[in-house]
Protein chains: 2
Amino acid sequence: MSEGVEWALHTCLNLSWAEPGEAVSAARLAAFYRLPAAYLNKQMQALARAGIVSSTPGPRGGFRLARAPEDITLLDVVTAIEGPEEAFRCAGILREGPGGEPDVDYREVCVISQSMRKAELSWRRELAGQTLAGIRATVERRHPHTPGNTRNRFANVKI
Amino acid sequence: MSEGVEWALHTCLNLSWAEPGEAVSAARLAAFYRLPAAYLNKQMQALARAGIVSSTPGPRGGFRLARAPEDITLLDVVTAIEGPEEAFRCAGILREGPGGEPDVDYREVCVISQSMRKAELSWRRELAGQTLAGIRATVERRHPHTPGNTRNRFANVKI
DNA sequence: GCACATATACTCGGATACATGATGTCCGAGTAGTCGTGG
DNA sequence: CCACGACTACTCGGACATCATGTATCCGAGTATATGTGC
């Protein structure tokens with residue numbers, strides 16, 4: 001899995017702690033973890049295309065969450081970065097085997113494909129059940145000063 | 001996910017239908033689906049290192065299942081090909097953030113890492129619950145002539 | 001006819017190229033704020 | 001003093017390199033079979 005997923009998840013979480021209505025530039029978001037700003041910007045574009053964050057150009061511009069954290073699931077972020085295709089994509093090699101029919105959709109027929117898809121659906125269901133709000137609540141319970149620290153860092157970090 | 005996983009799964013299934021004690025060469029296994037033989041051979045080496053198949057060189061040599069199909073899970077095959085690392089590997093970017101401790105194992109502390117791992121464990125559990133024998137039984141129920149067809153193809157295919 | 005040594009053909013195994021996609025970088029289009037100027 | 005216009009600095013967005021990994025290929029080491037030969 002792409003490393004951008006980890007960056008995107010942490011960045012969305014940090015954005016949820018930003019001042020309401022405040023946009024945070026990719027440079028500040030990247031400075032948080034010493035990430036390459038231009039590349040993080042690229043990942044943020046994917047999040048923007050997926051409707052997870054909204055972007056505003058110009059001074060005082062940057063990114064902010066486009067929806068409430070309750071409406072952003074881990075699956076949303078993963079799908080935005082990794083793409084909608086499933087990890088195990090059955091190429092339908094049975095079509096090349098004996099008795100292979102060119103017109104059959106082997107993703108539906110192939111038992112192996114079904115089994116792999118079942119596992120992948122379980123994974124997706126688990127991710128879809130976790131919202132950004134839930135993650136945030138857990139972090140705040142364990143580390144109560146995190147929201148203040150984050151806002152502070154956004155305000156004071158040198159670019 | 002690597003395409004070799006699909007090849008390995010189908011190939012193991014086909015091997016389970018081979019004559020008992022018979023070894024099938026990589027060339028014959030690849031001809032089944034018109035796959036590049038040398039590359040499939042490479043994947044089979046990974047399965048052999050994982051103890052899923054055993055290999056014998058020389059004429060009448062090839063691969064055969066090293067264990068009973070009941071003892072081979074989908075997770076075994078996937079792990080043999082893809083490696084044991086989890087898909088979402090938390091690089092511990094929190095360590096670079098404010099208050100990051102160099103010695104902390106952030107895979108245990110980071111809430112995001114925990115959530116992603118929980119989903120991945122669900123995926124692995126699902127895969128570990130499916131054995132090659134189960135897959136084979138389902139296929140035989142739906143397509144009763146598959147075992148005979150497979151043995152026939154192994155015997156008659158031209159290399 | 002039988003046993004043995006030899007030659008042969010076939011197999012895996014790892015070392016070696018190639019292609020694709022992830023990773024990283026750069027510059028241009030556009031906007032908000034700022035400064036200067038004129039009324 | 002106020003309004004307006006130009007300018008500047010800052011931001012995203014996409015186009016352009018670079019690199020790691022998956023994909024594909026080839027040749028050598030080793031073995032079971034077949035063959036030929038001597039007894």
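Here is how names work: the chains are called A, B, and so on, in the same order as the sequence lines, proteins then strands, and each is numbered from 1.
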Find the distance [X]:[atom1] to [N]:[atom2] and express it as a whole number of Å.
X	N	atom1	atom2	value
B/Met1	C/dG21	CE	P	17 Å
A/Glu3	D/dA20	CD	P	13 Å
B/Ile81	D/dG22	CD1	C1'	12 Å
A/Leu29	D/dC12	CG	C1'	13 Å
A/Arg28	D/dT11	CZ	C1'	12 Å
A/Glu6	C/dT23	CD	C1'	15 Å

### Within residues 39-49 of chain B, residues whose heavy atoms come under 4.0 Å of DNA chain C
B/Asn41, B/Gln45, B/Arg49
#### Entry: Exam field: side chain B/Thr138 to backbone B/Gly134, donor-acceptor pair closer than 3.5 Å
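Judged by distance alone, yes, a pair lies under 3.5 Å.
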### Query
Within the side chain of B/Glu82, is there an N or O that forms a donor-acceptor pair under 3.5 Å with the backbone of B/Ser2?
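Between the backbone of B/Ser2 and the side chain of B/Glu82 there is a qualifying donor-acceptor contact (under 3.5 Å).
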### Message
Looking only at side-chain N and O atoms, does B/Trp123 offer a donor or acceptor that is under 3.5 Å from a partner on A/Glu126?
### Response
no
## Note on the structure
The answer to which of B/Glu82 and B/Ala37 contacts DNA chain D further toward the 5' end, by nearest nucleotide, is B/Glu82
If you draw a 6.0 Å radius around [atom1] in [X], do more than 12 non-hydrogen atoms from other residues or ligands fall strictly inside?
X	atom1	result
B/Arg151	CZ	yes
A/Arg34	CZ	no
A/Arg153	CZ	yes

### Query
Does the side chain of A/Ser55 get closer than 4.0 angstrom to OP1 or OP2 of D/dG13 through an N or O atom?
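A/Ser55 to D/dG13 OP1/OP2: side-chain N or O found under 4.0 Å.
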### Query
OP1 or OP2 of D/dC12 less than 4.0 angstrom from a side-chain nitrogen or oxygen of A/Thr56, does that happen here?
no
### Message
From C-beta outward on B/Ala38, which listed nucleotide comes closest to its side chain: C/dG33, D/dC26, C/dG13?
### Response
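In terms of side-chain proximity for B/Ala38, the closest of C/dG33, D/dC26, C/dG13 is D/dC26.
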### Query
Reckon B/Ala26 touches a base, only the sugar-phosphate, or nothing at all at heavy-atom distances under 4.0 Å?
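The answer is sugar-phosphate, as B/Ala26 gets under 4.0 Å only of primed atoms, P, OP1 or OP2.
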### Message
Using the ring centroid of each side chain, check whether B/Trp7 and B/Tyr39 are separated by less than 6.0 Å.
### Response
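Centroid distance B/Trp7-B/Tyr39: below 6.0 Å, so yes.
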